[in-house]
Protein chains: 2
Amino acid sequence: MSTIYEVAALAGVSPATVSRVLNGVNVSAEKSRLVRDAAGKLAFTPNRTARSLRKQSSEVIALVIPDIENPFFTSMARGVEDVAQAAGYSVVLCNTDEDPDKEASYLSIAVSENMAGIILAAASDHVDLAPLLRRGRPVVAVDRGPHGFDLDAVMVDNIAGGREATQALYDQGFSRIACITGPSDVETAQRREHGWRQVVIANGGHDERYLKHANFRVDGGRAAMDELLALETPPDAVFVANNLMSVGALQVLFERGLTTENVGMASFGDLPFSTLAPRGVTIIHLPARHLGVTAARLLIERINGDDQPARTIVLRNEISAPTSVGSA
Amino acid sequence: MSTIYEVAALAGVSPATVSRVLNGVNVSAEKSRLVRDAAGKLAFTPNRTARSLRKQSSEVIALVIPDIENPFFTSMARGVEDVAQAAGYSVVLCNTDEDPDKEASYLSIAVSENMAGIILAAASDHVDLAPLLRRGRPVVAVDRGPHGFDLDAVMVDNIAGGREATQALYDQGFSRIACITGPSDVETAQRREHGWRQVVIANGGHDERYLKHANFRVDGGRAAMDELLALETPPDAVFVANNLMSVGALQVLFERGLTTENVGMASFGDLPFSTLAPRGVTIIHLPARHLGVTAARLLIERINGDDQPARTIVLRNEISAPTSVGSA
DNA sequence: CTTGAACTTGAAATCGATTTCTGGCAATCT
DNA sequence: AGATTGCCAGAAATCGATTTCAAGTTCAAG
């Protein structure tokens with residue numbers, strides 16, 4: 001690998017001039033050509049580490065997500081990537097596994113690697129962003145809010161979604177509606193549950209035994225559904241607060257020979273590869289890709305020096321009723 | 001953010017000593033304590049960019065994959081991450097979208113960011129790894145082979161898998177067996193097709209119109225299935241060479257009111273969230289996570305200086321017959 | 001003809017760590 | 001006692017780019 005010094009030597013100019021040519025600063029046409037020729041001949045690629053050390057910033061943005069195996073987040077990642085790529089940034093994906101320690105570690109790496117900015121779907125309520133912000137690194141919160149920090153955020157309306165989903169189940173004729181939500185210290189879990197609670201209370205159907213907390217994964221959905229069905233008076237419908245738990249809940253249903261006509265279901269978030277999914281499930285569709293696109297746009301604006309007050313953007317969810325229930 | 005110089009000043013020692021304490025080199029207990037105290041007081045984190053510039057290497061490994069939205073690859077990523085994490089490395093995920101240019105760009109970034117090593121599921125047959133290898137950066141090929149380079153590789157047996165899947169369809173009583181495979185310049189696509197071809201020829205059922213190339217995604221599977229069903233004499237079964245295309249093919253089937261009893265199906269690779277998937281599909285299960293784990297182990301051995309000749313590890317696939325067809 | 005504004009260019013400082021080189025000091029061996 | 005070995009720690013060089021500073025040119029205005 002060649003350095004700027006070797007290019008300079010071959011072109012017969014100073015390293016400073018080579019740097020200027022590379023960065024498009026005023027240089028005479030002739031020297032510019034000399035440098036380009038030399039660089040081509042040596043297959044020169046500037047060392048990003050050195051550049052980043054000097055400039056105190058790199059063209060990399062970090063996307064920190066809690067579960068890389070959840071299609072919701074990979075879809076979001078795609079959105080981020082497409083925007084970032086077009087703006088000349090590369091994206092590194094950091095998977096925290098909902099673990100605050102892993103999250104802290106990745107954030108600290110982001111600082112010490114001089115990354116240009118961070119898009120964060122926070123694992124914990126208690127992230128410490130102070131070191132990042134002190135260094136002037138822009139951070140955009142996505143999916144999960146900016147816990148006490150003054151940040152741009154891109155969200156969906158979790159409470160409204162929880163309400164709509166629950167109401168839809170009542171509208172379909174169910175009356176004992178349970179809720180399987182995520183870990184109690186995760187904001188999205190709290191809010192979706194909150195939406196459910198509002199509606200069941202309004203309908204006089206509130207029963208605290210119908211509320212289950214689980215991890216946001218398939219096995220969590222399974223376990224919670226098992227518990228619900230084991231109750232003395234099991235619910236006749238369930239609002240499940242994320243896509244993967246819905247998969248788990250459906251598995252349990254089918255394994256017991258039940259269908260969504262016996263036990264109604266509404267899922268917050270599209271079932272992954274949903275065309276393989278059973279009909280009869282009400283879905284709150286989340287604009288996953290669009291969340292990513294929007295977050296990336298905001299971040300890049302901030303990187304480019306925009307310093308207006310922090311914005312929170314709430315994207316709309318769409319609800320789709322099940323196709324067969326009601327018609328059959 | 002504080003630097004090693006500030007820590008040195010506060011501790012009353014030289015920067016060199018601070019560095020030595022951080023790296024566990026011989027330093028007297030007393031100075032060591034002074035340095036630790038000072039570092040703690042300043043919340044000092046070493047600047048990775050500077051370290052990496054000097055050491056000519058970082059603790060980051062790049063995982064380059066063609067499709068981040070494919071659960072096969074994210075599952076592999078999880079495997080890589082777990083091993084890397086435990087060994088003190090962080091993993092950055094690079095999504096090439098099967099685009100050789102994006103791939104080349106990410107590989108070049110990997111070099112110029114001094115990354116410790118690369119795990120590559122190559123998009124194209126014609127990757128140029130020479131610059132990487134010249135710099136002594138270890139590269140491990142995963143899922144797709146090392147095209148002409150002398151690399152460690154971790155693979156599954158694509159030809160055997162194609163054969164088994166096709167044979168299973170014959171065994172289930174189907175006779176006109178089509179193949180939906182990936183892009184013709186992707187090695188895994190070629191080999192899975194090759195396995196299919198061997199078996200259909202052996203059974204005297206070869207018909208070139210039954211071979212379709214598509215991209216490795218859901219829409220590719222849809223398009224190919226549409227074309228197959230539009231043939232004068234459509235096939236009565238299909239071997240689909242990857243998981244996402246199987247999803248697409250199944251969609252088309254169901255939309256036309258057909259089932260896997262009318263048109264048999266075998267999928268190379270688990271259907272994503274397969275418990276939602278229809279029964280009646282023969283599956284070649286791929287050890288996705290294990291591929292990642294193995295690749296990461298090999299890579300870390302190389303990073304640590306192992307220089308035995310290149311190894312190729314082939315992991316076993318398992319086939320599972322459909323549960324309902326044949327029993328029903 | 002002089003002055004200075006505008007533009008190129010190179011030398012050298014800089015980013016923040018690691019590492020080599022070297023000197024000082026104490027312990028060990030003749 | 002004198003020579004040798006070994007350890008510790010500071011000064012300075014180093015990684016490879018960018019950027020500041022200052023010098024040298026050219027050209028137009030006064």
Side-chain angles (χ1 to χ4, degrees), chain A residues 1-36 38-39 42-60 108-116 131 135-137, chain B residues 1-36 38-39 42-60 108-116 131 135-137:
Chain A
M1 219 53 186
S2 40
T3 74
I4 205 174
Y5 293 92
E6 305 173 49
V7 175
L10 181 58
V13 301
S14 76
T17 301
V18 176
S19 169
R20 288 191 263 256
V21 172
L22 264 44
N23 291 284
V25 199
N26 281 342
V27 173
S28 71
E30 188 204 341
K31 304 232 171 203
S32 177
R33 192 184 48 73
L34 282 173
V35 169
R36 268 174 228 292
L42 296 174
F44 169 74
T45 331
N47 181 313
R48 286 167 176 257
T49 306
R51 161 180 293 175
S52 149
L53 174 60
R54 179 61 231 237
K55 304 231 292 191
Q56 303 285 53
S57 161
S58 69
E59 282 86 44
V60 176
S108 143
I109 291 181
V111 178
S112 63
E113 292 259 22
N114 283 325
M115 292 187 181
R135 287 218 106 182
R137 296 282 166 231
Chain B
M1 218 53 185
S2 40
T3 73
I4 204 172
Y5 294 93
E6 305 173 49
V7 175
L10 182 57
V13 302
S14 77
T17 300
V18 176
S19 169
R20 287 191 262 254
V21 171
L22 265 46
N23 292 282
V25 198
N26 281 342
V27 173
S28 72
E30 188 205 341
K31 304 231 169 203
S32 177
R33 192 185 47 73
L34 283 173
V35 169
R36 269 174 227 292
L42 296 174
F44 169 73
T45 332
N47 181 312
R48 287 168 176 257
T49 307
R51 162 181 293 176
S52 148
L53 174 60
R54 178 61 229 236
K55 303 231 292 190
Q56 303 284 51
S57 162
S58 69
E59 281 86 43
V60 175
S108 143
I109 289 180
V111 179
S112 63
E113 294 259 19
N114 284 326
M115 293 187 181
R135 284 219 109 182
R137 295 283 165 231

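Residue numbers start from 1 in every chain, and the chains themselves are labelled A, B, ... in the order their sequence lines are given, proteins ahead of strands.
Between A:Pro46 and B:Ser112, the shortest heavy-atom contact is O-CB, 3.5 Å.
Side-chain atoms of B:Ser2 come within 3.5 Å of backbone N or O of B:Leu42 as a donor-acceptor pair. In this structure, the side chain of B:Arg137 engages the main chain of B:Met115 through a donor-acceptor pair within 3.5 Å.
Residues satisfying the side-chain contact (heavy atoms from CB on, under 4.5 Å) criterion with A:Ser108, sequence neighbours excluded, are B:Thr45. A:Arg51 pairs by the side-chain hydrogen bond (donor to acceptor under 3.5 Å, both in side chains) definition with nothing, not counting sequence neighbours. Residues that satisfy the side-chain contact (heavy atoms from CB on, under 4.5 Å) test with A:Arg54, not counting sequence neighbours, are absent from this structure. Not counting sequence neighbours, B:Ser58 has no partner by the side-chain hydrogen bond (donor to acceptor under 3.5 Å, both in side chains) test. Residues forming a side-chain hydrogen bond (donor to acceptor under 3.5 Å, both in side chains) with A:Ser52 (at least two apart in sequence, or on another chain): none. Legend: residues meeting side-chain contact (heavy atoms from CB on, under 4.5 Å) with A:Ile4, ordered by chain and number and at least two apart, are A:Pro15, A:Val18, A:Ser19, A:Phe44. Looking at residues two or more places apart in sequence or on another chain, you find a side-chain contact (heavy atoms from CB on, under 4.5 Å) between A:Arg36 and A:Val21, A:Ser32.
Residue contacts shown for B:Val18 are absent, as no nucleic acid heavy atom lies under 4.0 Å away. Among the protein residues, A:Ser19 comes within range of the nucleic acid bases, having at least one heavy atom under 4.0 Å from a base atom.
Between chain A and DNA chain D, the heavy-atom contact criterion of under 4.0 Å yields a 5' to 3' nucleotide range of D:dG16 to D:dT20.
Bending across the helix from C:dC1-D:dG30 to C:dT30-D:dA1, expressed as the angle between its end axes from five pairs apiece, amounts to 50° (10° rounding).
Within the structure, no pair that satisfies the salt bridge (charged side-chain N to carboxylate O under 4.0 Å, His left out) test touches residues 18-31 of chain A, not counting sequence neighbours.
Taken from CZ in A:Arg48 to CG in B:Asn114, the straight-line distance is 11.5 Å, to the nearest 0.5 Å. Rounding to the nearest 0.5 Å gives a distance of 8.5 Å between CD of B:Glu113 and CG of A:Asn47.
Of the two residues near DNA chain C, A:Gly12 and B:Ile4, the one whose nearest nucleotide lies more 5' is A:Gly12.
Proximity of residues 45-59 of chain A to DNA chain C (heavy atom under 4.0 angstrom from any strand atom) is restricted to A:Leu53, A:Arg54, A:Gln56. Remark: B:Asn26, B:Val27, B:Ser28, B:Lys31 in residues 22-35 of chain B come within less than 4.0 Å of DNA chain D through at least one heavy atom.
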